[in-house]
Chemist: 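Please find one structure pasted underneath; my questions will follow.
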2 protein chains.
Amino acid sequence: MSCAEEYTPQLRARGYRMTSQRLAILHVLHHSGKHLTPSQVYEKASRKLGGLTETTVYRTLEFLAENGLARPAHMGNGHFVYEIARHEHHHLKCRICGDEMEVKHALLEKLYRKLESASGYRLTDSHVTFFGLCPNCQKGE
Amino acid sequence: MSCAEEYTPQLRARGYRMTSQRLAILHVLHHSGKHLTPSQVYEKASRKLGGLTETTVYRTLEFLAENGLARPAHMGNGHFVYEIARHEHHHLKCRICGDEMEVKHALLEKLYRKLESASGYRLTDSHVTFFGLCPNCQKGE
DNA sequence: TATGTTATTGCAAAAAGTTGCAATAAGGAG
DNA sequence: CTCCTTATTGCAACTTTTTGCAATAACATA
Ligand SMILES: [Mn+2]
Ligand SMILES: [Mn+2]
Ligand SMILES: [Zn+2]
Ligand SMILES: [Zn+2]
């Protein structure tokens with residue numbers, strides 16, 4: 001299934017329009033699969049779609065995140081990165097070497113239930129980054 | 001105990017100097033107790049210490065965070081806020097009304113142990129924000 | 001297919017955050 | 001108290017991100 005076929009209905013269902021800009025950006029996120037910064041997205045997407053502006057990239061990434069097609073994350077430097085929304089997961093990141101690994105959401109299920117019953121909140125988002133020292137970097141401590 | 005008496009030794013112990021700028025910023029964080037944006041810190045601190053620059057505020061907040069005297073957090077808009085480092089805690093934030101509440105770190109202890117044994121990482125930081133819907137906003141869904 | 005509505009974009013200007021470097025001042029040594 | 005070393009600051013230039021608004025284009029309707 002093409003990106004257009006996959007994502008257009010999702011936007012329409014929510015009353016939004018598919019545009020060449022949104023499609024180009026979704027395409028980049030979809031096929032990279034990794035966390036990308038807005039300027040990385042701009043870089044790649046504007047190769048396919050000349051005339052695309054950074055303003056639009058910022059706005060579109062935020063829009064896609066709000067509507068569940070992309071997920072934002074903080075990896076520790078104070079800037080957002082984005083990835084296409086697929087399976088729920090979280091991250092562990094090493095403060096020293098920067099190594100990153102994924103954590104299945106299942107590991108956090110219990111915590112989510114506990115937080116919900118302790119607070120009355122219903123937790124919606126998942127894509128948390130926890131910081132620490134990777135096995136390698138612990139040795140040199 | 002004054003801010004100077006409390007924080008100067010902590011910096012000295014790590015080989016750093018106490019300065020009027022650092023003291024003014026620590027004073028603001030200490031007495032506000034809340035999460036503050038860099039520009040809120042600048043606003044308040046420069047009232048006490050004319051000539052303070054925003055550059056220095058940014059650099060100092062990052063410095064204090066690296067050295068454990070302040071804690072950075074993301075509250076959902078992609079920008080850092082900072083608070084004085086006291087007890088370990090996390091946050092729950094409502095996506096709709098913006099309401100925020102604290103969560104004791106004790107509630108996350110089990111998860112931290114689980115993540116550590118599953119990954120080999122040693123988790124160091126704590127000050128995570130989880131997002132969801134507060135009890136009030138769940139009604140209007 | 002042509003038309004109207006309005007969501008979305010690009011542009012220009014502003015705001016927020018970062019960086020390199022020379023001047024300043026904290027604090028250890030004499 | 002004075003001098004010396006160098007961590008720290010302020011300044012200016014730069015990069016990144018946000019915002020208001022007029023022009024554009026998606027797409028529903030006829
Ligand atoms: Mn991820
Ligand atoms: Mn906090
Ligand atoms: Zn590491
Ligand atoms: Zn709420």
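The chains referred to below are lettered A, B, ... by the order of the sequence lines, with proteins before strands, and numbering in each begins at 1. No hydrogens, no waters, no symmetry mates; every other heavy atom, side chains included, goes into these values. Note that the structure is predicted; figures quoted are calculated from it, not measured.
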Chemist: Taking atom types as modelled, find out whether A:H89 and A:H127 have a side-chain donor-acceptor pair closer than 3.5 angstrom.
Modeler: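 Short answer, yes.
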Chemist: More 5' along DNA chain C: A:H79 or A:L49, using each one's nearest nucleotide?
Modeler: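 Closest to the 5' end, via its nearest nucleotide, is A:L49.
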Chemist: Thinking salt bridges, do A:E116 and A:R113 make one under a 4.0 Å N-O criterion?
Modeler: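 Salt bridge flag = yes for A:R113 with A:E116.
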Chemist: Between B:F130 and B:H91, is the ring centroid distance below 6.0 Å?
Modeler: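 Ring centroids of B:F130 and B:H91 are no less than 6.0 Å from each other.
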Chemist: When all nucleic acid strands are considered with a 4.0 Å heavy-atom cut-off, which category describes A:F63: base, sugar-phosphate, or nothing?
Modeler: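 Answer is nothing: A:F63 stays at 4.0 Å or more from every strand.
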Chemist: Toward the 5' end of DNA chain D, which comes first, A:F80 or B:G50, by nearest nucleotide?
Modeler: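 The 5'-side residue here is B:G50.
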Chemist: Nearest 0.5 Å, what's the CG-NE2 distance between B:L111 and A:H90?
Modeler: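 Answer rounded to 0.5 Å: 9.0 Å.
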Chemist: Mind calculating the distance between CD (B:E54) and C1' (D:dA12) to the nearest angstrom?
Modeler: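 Between C1' of D:dA12 and CD of B:E54: 14 Å.
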Chemist: Kindly confirm or rule out a cation-pi arrangement of A:R22 over A:F63, judged by NZ or CZ under 6.0 Å from the six-membered ring centre and within 45° of its axis?
Modeler: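 Geometry flag: set, cation within 6.0 Å and 45°.
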Chemist: Within the 4.0 Å heavy-atom criterion, would you say B:G51 contacts the bases, only the backbone, or no part of the nucleic acid?
Modeler: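 The answer is sugar-phosphate, as B:G51 gets under 4.0 Å only of primed atoms, P, OP1 or OP2.
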Chemist: With sugar-phosphate meaning primed atoms plus P, OP1 and OP2, does B:R59 contact a base, only sugar-phosphate, or nothing at under 4.0 Å between heavy atoms?
Modeler: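 The residue B:R59 makes base contact.
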Chemist: Which of residues 17-32 of chain B have a heavy atom under 4.0 Å from DNA chain D?
Modeler: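 Those residues are B:R17, B:T19, B:Q21, B:R22.
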Chemist: In a check of side-chain contact (heavy atoms from CB on, under 4.5 Å) between B:T8 and each of B:Q10, B:E5, B:R12, B:E6, which one passes?
Modeler: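 Only one of B:Q10, B:E5, B:R12, B:E6 forms a side-chain contact (heavy atoms from CB on, under 4.5 Å) with B:T8, namely B:R12.
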Chemist: Return whichever of B:L52 or B:N77 has its heavy-atom-nearest nucleotide of DNA chain D closer to the 5' end.
Modeler: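 So the residue in question is B:L52.
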Chemist: Just the endpoints, please: which first and last nucleotides of DNA chain C, 5' to 3', lie under 4.0 Å from a heavy atom of chain B?
Modeler: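 It runs C:dA16 to C:dG27.
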Chemist: Counting only heavy atoms not in A:K44, do more than 12 sit closer than 6.0 Å to its NZ atom?
Modeler: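 Incorrect, the count does not exceed 12.
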Chemist: Just checking, is any N or O donor in the side chain of A:T56 or A:Q21 under 3.5 Å from an acceptor N or O on the other one?
Modeler: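 Side chains of A:T56 and A:Q21: no pair found under 3.5 Å.
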